[in-house]
Asker: 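So that we are looking at the same thing, I have put the structure below in structure tokens.
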Amino acid sequence: MNAPPPLVRPLQVLAVLLGAAVIALFTAWLRMDAAAAPSSVRESSAAGPDASVTAAAAGGAAAPAVPAAPAPESADRAATPASGAERAVLYGLVTSAGGDAIRDGVLWLFRDDGAHVGTDSLRDGTYSFAGLDAGRYRLRSRIADELALDREVDVAAPTTRLDVELPARWLLTVNAVTPAGEPLASEVGKTMRGGPGRLLMAAAFAEPPATDLPLSAYAEFTTGVATFRGSDPFRMRGEKALPRETVGVLTMPADRPVTVALLLRSHIVAQQPASPGQDVLTFTLAADAFLRELATVRVRVVDAHGAPVAGARVALNDAQTGGGGQPTGDDGRITVSHLVPGRLDLEISHQELRAPMVQVDVPPGADLDLGDVVLAPGTRVEVAMDNFVGKGAVRFNLLDPLPPGRTCKDGYVSRENGATWPLDVYPGRYGFFAAAENGVAIAELDLRTPPAGPLRFDLQPGASLRIDNRVGSGFARLDLRTPGGVVVRRRELSGTSVELVRVPPGSYVAEITDQSGAVARREVTVAAAGATLVVP
Amino acid sequence: MVGRLVVLCVVEVVVAAVLAVQVFGGRGTAPEPVGTALAPPPVPEQPAAGRAGTLPVPSPAAERTADAASVQREHVAAKWRADDPVGVLLMGTLRTVGGMPADATLSLVRDQVRKGASAAADGGYAVAGLSPGEWQVTVRGDAFVQVETTLQLGDAAVQQRDFVLEPSFPVRVVIVTPDGADGTRALRMALSGWSDFHVAGQREPFPERLAPTDYGAVFVGDARWSSEMNPRDGAAGTLCLASLPAHVALLQRHLVLQQQLVRPGQDEVKFVVDVDALRALAASASVRVLDASTGEPLAKARVALHTSNRGGMGNTVDADGRAVVEGLSPGFLQCTIAAPEHETFFHTVRVAPGERLELGDVRLGPAEPLAGTVLGPDGKPAGASLRWTELKWRTSPAAFSHNRSAGTEADGSFKLWGTGRGTIAVQARGSDGLVAAGVFDNPPAEPVVLQLARPSVCTVTRPPDPTRAFTLTLFDARGRAIAGHALEPRATKTTVSLPAGEYTFEVHDEQGRLVQSGSLVFGAEPCVLEVR
């Protein structure tokens with residue numbers, strides 16, 4: 001065996017080292033290219049039809065067509081954040097079925113677990129959400145005269161572009177006139193001060209509603225298969241003004257006939273069928289017949305000794321309206337007429353005396369005598385929110401038993417209006433639910449006498465209660481309380497949505513009223529790990 | 001064998017060299033010209049060397065990203081496309097000098113396009129729908145020094161810009177009366193029609209008096225004032241100063257009531273206000289309201305004077321038609337006189353401290369709503385919001401009213417409430433920013449039609465002197481005022497939009513003196529007015 005020449009061994013070592021260097025450099029080169037190619041190419045590359053298919057498939061929902069997005073990979077690479085963990089941006093364009101950019105609307109982005117991530121306004125059709133973790137989200141919209149968007153989207157870093165073309169929809173203009181052909185709202189307005197305004201609305205149902213709907217506490221009542229845009233008297237811009245005889249415009253899928261109901265808040269005044277392709281539906285109703293659907297409430301306001309209280313202002317407002325009212329006479333009596341049926345707040349204001357915070361069920365056409373309402377000197381208490389972090393608020397409600405037909409109304413003070421807030425409430429037992437970014441708390445207090453100092457809440461992290469709304473085209477009212485009656489959440493639900501509420505772990509009672517008015521009570525136990533409440 | 005090994009080594013050296021250039025070459029190349037894909041350069045994440053440097057400067061980390069990207073950009077960079085409404089996506093971060101996410105908002109303005117975004121929890125932001133060119137950028141957050149800069153966007157479809165925000169210096173502001181009571185509450189009790197105190201801060205001392213405004217506060221200086229909604233024990237709010245030392249002023253609209261120097265380390269500033277002395281500054285106005293037809297006093301007429309951010313029913317006249325409104329806040333006030341079934345008087349008046357202003361006789365004729373129609377560019381009825389100014393009441397240079405508006409009906413028709421006989425300047429604004437303007441006699445000899453068109457923009461600049469206020473009036477071809485704008489000190493550069501055409505203009509100062517006049521051609525490029 002011959003010995004190798006003296007240069008062979010060093011050359012072999014050098015060749016191996018150089019080979020290793022080449023492999024290392026080649027690997028680095030490959031990684032560099034891989035890093036440069038964005039993972040969002042699936043949706044943001046100019047891949048045309050494929051991008052559309054992939055986006056829809058990823059969503060797993062009835063996804064509208066996604067046009068080819070023209071942001072190629074190099075742009076994404078250039079936009080790689082300069083700092084920290086790589087976060088994603090979701091952006092794109094929302095257009096109508098005709099391809100016009102949406103110029104007025106709101107988009108919401110939710111995490112897969114239902115947590116709200118962000119809100120963006122559509123002004124020129126474009127939207128963007130930054131600071132996202134890669135993953136699955138749900139994009140929802142509220143756009144006048146368009147079907148609501150509700151779809152899943154998979155977001156990848158650094159940028160994911162998703163252009164959405166909204167599906168074709170059926171717009172149905174709903175009019176209401178008198179037999180003489182006059183606009184119903186105007187004719188009614190001659191008797192009812194201000195007319196029914198936005199409380200006269202329309203809804204569309206897949207099947208004719210068999211019964212009236214439960215009384216609603218809101219001015220903007222939503223149910224059925226369509227979204228509704230009414231004539232807003234406070235809208236100062238005239239771009240979308242509606243004719244006086246028009247109650248509003250229903251927007252719905254054009255896949256089936258519907259029954260359209262003319263509503264006074266949630267009360268069905270009349271209903272008619274309508275078929276896809278129909279542009280206008282007109283209800284003809286005499287103003288007198290319409291006025292008979294309105295209600296009257298009588299009340300006598302007295303003090304703790306039973307003496308009439310003159311000059312107290314009495315108003316029955318919904319949860320989205322306040323103020324107004326009429327003064328009681330010398331006998332403490334007042335009659336409030338032309339009330340639109342609903343679950344209304346009985347608001348009685350007096351310079352020195354306070355009234356219990358209650359809601360009253362006011363059915364259509366009713367003439368209700370509430371009897372005596374006793375006012376009493378208020379209990380002064382200061383709510384301290386100086387330990388609240390971020391946006392926080394305290395809700396409170398009366399816990400004392402109430403007469404039939406009345407429920408407690410909850411009050412609300414926000415941290416945004418100051419670190420402390422003075423309350424002057426009707427004496428009684430109260431429940432408080434405090435929620436801020438740094439925790440939640442529930443308390444029950446006897447405020448028949450003033451507390452020694454400000455009310456300060458010991459906030460604890462709490463647990464997450466996921467309210468999974470699957471009401472769809474129906475309607476449900478949710479009233480979530482502690483077993484002691486402290487109101488935690490009140491909602492009127494339709495459509496589908498997910499809401500996360502942080503509450504102290506423990507037992508709760510969910511009272512759910514369905515579209516027919518039937519009430520179901522469910523116990524909800526919220527463990528430290530959280531819980532889910534599916535409605536209905 | 002040796003020869004083959006030598007060849008192998010040479011080949012490996014060559015391959016390694018080529019790969020090394022590919023992998024490392026980008027970092028050593030000359031910087032990419034600004035505007036290719038990342039324009040302007042990203043900003044630092046590290047603390048700035050001095051507080052004076054509030055504007056972002058390039059950071060090594062961000063530059064690495066830019067450079068690494070530039071290697072690829074030369075052949076694959078996505079360009080902005082004019083036919084893509086998504087345009088340029090601008091993204092980046094809003095962070096503190098310590099690298100923490102900043103709770104802040106970013107706004108971009110170019111011509112009359114406004115875009116904006118709020119920082120996400122991680123400080124990230126993104127704005128779509130931009131286009132290449134120069135944008136005015138403002139970044140603001142409660143605890144930070146406001147950043148105002150220009151941003152030159154290039155033609156890349158996605159661009160990045162990070163902003164580093166410097167913390168401001170918060171000082172607690174206490175306002176008390178000489179006897180220690182809460183000063184803000186005392187002011188509210190004594191002079192209910194007045195605005196709350198405003199507090200401002202800046203590096204330089206404040207002048208004794210600022211330019212008057214019709215608003216409830218004068219926004220001056222570079223500090224951020226957050227007032228307590230429910231002040232108690234004198235705690236009126238927090239002023240976040242951009243730098244220290246700084247001068248802090250207590251303002252009542254344009255009146256500089258007091259000022260103090262706040263030094264480094266100081267976290268509270270205290271003002272002692274004498275409400276009785278303020279009461280002496282309150283003005284009053286008296287007027288007699290008559291029926292223009294009969295000359296008789298108009299019963300039930302109401303007279304109100306208030307700032308443009310407030311409202312109210314005002315005072316009812318007495319049997320002689322006379323009303324005296326007391327306790328007025330000095331400065332410009334909007335005077336409204338209304339009576340049932342009559343036209344409404346509306347004009348902005350100037351009230352000096354302690355003045356007893358006599359407005360004389362105001363004669364109101366019958367209400368005659370000016371009716372008309374708004375058409376779109378295609379000649380079809382269109383929706384719009386309308387604002388108007390009755391020129392017969394405008395007896396001195398004043399900005400046109402923005403407090404009254406009306407909307408069109410579904411058929412494009414409109415009626416202007418509160419109007420009477422006389423000449424009325426009307427402006428309409430429709431969807432997509434289309435505008436129309438015209439001056440009409442009421443009752444009109446022919447149908448009133450306003451046809452919407454794309455607005456033409458004129459840029460107006462004014463000196464930053466906070467003691468000067470200017471009013472710009474534009475006139476149509478017949479010499480009738482068609483638009484009136486207040487040029488406030490805080491906006492040294494603003495834009496005015498009107499349908500294309502030639503208009504003459506006059507600029508008056510805060511004393512009502514004519515300081516400039518000439519003509520402007522809206523639609524010409526550029527249309528610029530420099531108020532001197």
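Labels below follow one simple rule: chain letters A, B, ... track the order of the sequence lines, proteins then strands, and each chain is numbered from 1.
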Asker: Examine whether an atom of R123(A) lies under 4.5 Å from a heavy atom of chain B, and if so say whether it belongs to the side chain, the backbone or both; otherwise answer neither.
Answerer: neither
Asker: Between V86(B) and chain A, which part of the residue has a heavy atom less than 4.5 Å away: side chain, backbone, both or neither?
Answerer: both
Asker: So which residue, T246(A), L132(A), D124(A), ends up with the most heavy-atom pairs under 4.5 Å with chain B?
Answerer: D124(A)
Asker: Identify, with sequence neighbours excluded, every residue that meets side chain to side chain contact (heavy atoms under 4.5 Å, CB included) alongside D133(A).
Answerer: R87(A), Y137(A)
Asker: So, applying side chain to side chain contact (heavy atoms under 4.5 Å, CB included) with I102(A), which one of L122(A), V164(A), L107(A), D145(A) is it?
Answerer: L122(A)
Asker: Counting only non-hydrogen atoms closer than 4.5 Å, does A128(B) touch chain A with its backbone (N, CA, C, O), its side chain (CB onward), both, or neither?
Answerer: both
Asker: Over 60° means perpendicular and under 30° means parallel, so classify the ring planes of Y125(B) and F163(B), tilted if in between.
Answerer: tilted
Asker: Among A428(B), A119(B), G412(B), A126(B), who wins on heavy-atom pairs under 4.5 Å with chain A?
Answerer: A126(B)
Asker: In terms of heavy-atom proximity below 4.5 Å to chain B, should T420(A) be classed as side chain, backbone, both, or neither?
Answerer: both
Asker: Between V374(B), L89(B), N230(B), which shows the greatest number of heavy-atom pairs under 4.5 Å with chain A?
Answerer: L89(B)
Asker: Can you confirm whether the side chains of K115(B) and T126(A) place a donor and an acceptor under 3.5 Å from each other?
Answerer: yes
Asker: Minimum heavy-atom separation for E437(A) and K391(A), please, with both atom names.
Answerer: OE2-N, 3.6 Å
Asker: For F388(A), check ring-ring contact (aromatic ring centres under 6.0 Å, His included) against everything at least two apart and list the hits.
Answerer: none
